[in-house]
There are 2 protein chains.
Amino acid sequence: MKRKIASAPTSAATAATAAPVELGARRQILNAAAKLLRHRGYEATTTRAIATAVGIKGGSIYHHFPSKDAIVGEVVNEGVRVVYDAVEKALSALPAKATPRRRLEAAIKAHLLSSLEHSNYTSASIRAFAFLPDSVRRDCRIERRRYEVLWEKLVSELYKAGLIDPEISPDSIRLLLLGALNWAGEWYRPDRMGIDDISRDFAASILRGK
Amino acid sequence: MKRKIASAPTSAATAATAAPVELGARRQILNAAAKLLRHRGYEATTTRAIATAVGIKGGSIYHHFPSKDAIVGEVVNEGVRVVYDAVEKALSALPAKATPRRRLEAAIKAHLLSSLEHSNYTSASIRAFAFLPDSVRRDCRIERRRYEVLWEKLVSELYKAGLIDPEISPDSIRLLLLGALNWAGEWYRPDRMGIDDISRDFAASILRGK
DNA sequence: CCTACCGATCGGTAGG
DNA sequence: CCTACCGATCGGTAGG
């Protein structure tokens, strides 16, 4: 069932009052690109496939974006931003007296929910990243570095609380954890173990007794 | 510096006596495909790029293989086999009285060495797998399952030795570990932390007390 | 936003 | 193992 793309709202007010929220053309294109990138990778995400998904012809994509890589770059960048925001929000939603263990569990769960359930942007930026053109990858170094720093702080809290053997390098802990989280898209199936259980197990795995 | 491909040895004896071992044409093609798959992914691994890498013309590839996917399938399958053999060999090389911790460290190290330093086949089968055509992925389900079982046994040893909290699911431990190992190709740089250190840290991270 | 097109490149084949 | 080619498809553009 295909529908023609809706013309972009002419103002924020228009967008806010439209009953079933009509997405702008740019947003629809980005959504379609994120979904394709997640499930089929960079090369298979053709401008024509994106166009077809939003109900327009191939050439019309270039009315909204200057190039394929401009679309891909925006998707990947937004993907990193989305997972950053999700983890940040999950952490600040916890009570001030939450234990470091609870904070770790919350961060893991937010990352997994974002990349497995909530956002094609996040999963696209994780799965498709490896073989993206260098120019696109350079464009999101800053966002990615920012996300790394968030985890460096979180891991550092765990050490201060004495929950991790001080002989283990904090880099190892972070790489172990984020690696396992980023790889989850390769095996996760919604009907098997739930994200709550995975998060609890992953946190418990790296924290030492009590 | 390009050289024409060597004609395949006409017998095993010929191959064994050639002074600097000349690889058969099929092997050269597989090697080139593995390297391309590892570094540039499935779609960028074109039959013409493979041919150029071994010094022949595009069409000549089809004298040795019936299709691109036949080449890719063989590379990916061999990649799984190579890492399986590496881990298996590392484990059986240990003294019979080696602790479960040593066995875990050895298995981790063998997986990382295979996928990061020794084998383009292993790294290709890990990095490129996600976006491979379904037909190719089906072809190596058996090998991959076999590798999973090896790790299931290894993890089970850790539980029996009381090195892991029995409240954590063994699946979680295996997925955490293999996920982190498979993702290592995305951040590992030979000039930073060595594989020995990473292996020791990863093993220590998930083992409790002691 | 569409039609119609560009040059380049893809996997694969015929025939030698 | 090569030359020469096939139909299909790619990212992108002109002109409306």
Side-chain angles (χ1 to χ4, degrees), chain A residues 2-10 22-33 36-37 40-76 128 131-137 139, chain B residues 2-10 22-34 36-37 39-76 128 131-137 139:
Chain A
K2 289 283 169 41
R3 283 179 56 259
K4 275 293 186 68
I5 201 166
S7 56
T10 51
E22 283 286 5
L23 285 75
R26 272 182 59 91
R27 179 51 58 186
Q28 287 188 57
I29 289 170
L30 291 171
N31 286 352
L36 281 163
L37 273 173
R40 307 178 20 85
Y42 174 77
E43 319 261 3
T45 302
T46 65
T47 54
R48 283 169 176 82
I50 297 170
T52 300
V54 302
I56 62 178
K57 299 294 179 183
S60 304
I61 287 283
Y62 295 89
H63 181 71
H64 303 281
F65 293 91
S67 69
K68 167 179 173 172
D69 284 355
I71 302 174
V72 172
E74 219 162 296
V75 167
V76 174
F131 302 127
L132 254 33
D134 288 341
S135 58
V136 176
R137 301 173 56 161
D139 275 348
Chain B
K2 289 283 168 40
R3 285 177 55 258
K4 274 293 185 67
I5 201 169
S7 56
T10 51
E22 282 287 4
L23 284 76
R26 270 182 60 91
R27 178 52 57 187
Q28 287 189 55
I29 289 171
L30 291 171
N31 285 351
L36 280 163
L37 274 173
H39 291 110
R40 304 174 28 81
Y42 174 77
E43 318 262 3
T45 303
T46 66
T47 54
R48 283 168 175 83
I50 298 170
T52 301
V54 302
I56 62 178
K57 300 294 179 183
S60 305
I61 286 283
Y62 294 89
H63 180 70
H64 301 281
F65 292 91
S67 70
K68 166 178 173 174
D69 283 355
I71 302 174
V72 172
E74 220 162 295
V75 166
V76 173
F131 301 128
L132 254 33
D134 288 341
S135 57
V136 176
R137 300 172 57 162
D139 275 349

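The figures here come from the full heavy-atom set of this structure, side chains too, leaving out hydrogens, waters and symmetry mates. All values reported here derive from a predicted model rather than from experimental measurement. Just so it is clear: chains get the letters A, B, ... in the order the sequence lines come, proteins before strands, and each one is counted from 1.
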Range-with-range stems of DNA chain D (Watson-Crick or G-U pairs under 3.5 Å, three or more in a row)
C:1-16 with D:1-16
Whole angstrom is fine here: how far is it from CD1 in B:Ile56 over to P in D:dC1?
6 Å
Between atom [atom1] of [X] and atom [atom2] of [Y], what is the distance when rounded to the nearest 0.5 Å?
X       : Y       : atom1 : atom2 : answer
A:Thr47 : A:Tyr62 : OG1   : OH    : 4.0 Å
B:Thr45 : B:Lys68 : OG1   : NZ    : 6.0 Å
B:His64 : B:Arg27 : NE2   : CZ    : 13.5 Å
B:Asn31 : B:Ile50 : CG    : CD1   : 11.5 Å
A:Leu37 : A:Leu30 : CG    : CG    : 10.5 Å
A:Ile71 : A:Arg26 : CD1   : CZ    : 9.0 Å

Determine whether more than 12 heavy atoms belonging to other residues, nucleotides or ligands lie under 6.0 Å from atom CZ of B:Arg137.
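It does: B:Arg137 CZ has more than 12 such atoms within range.
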Reckon B:His64 has a side-chain N or O less than 4.0 Å from the OP1 or OP2 of D:dC1?
yes
Walk me through it: do B:Tyr42 and B:Asp69 pass the test side chain to side chain contact (heavy atoms under 4.5 Å, CB included)?
CA-CA 10 Å; B:Tyr42 174 77; B:Asp69 283 355; 2.5 Å; yes
For every nucleotide of nucleotides 9-16 of chain D, 5' to 3': is a protein heavy atom under 4.0 Å from its base (B), only from its sugar-phosphate (S), or from neither (-)?
-BBBB---
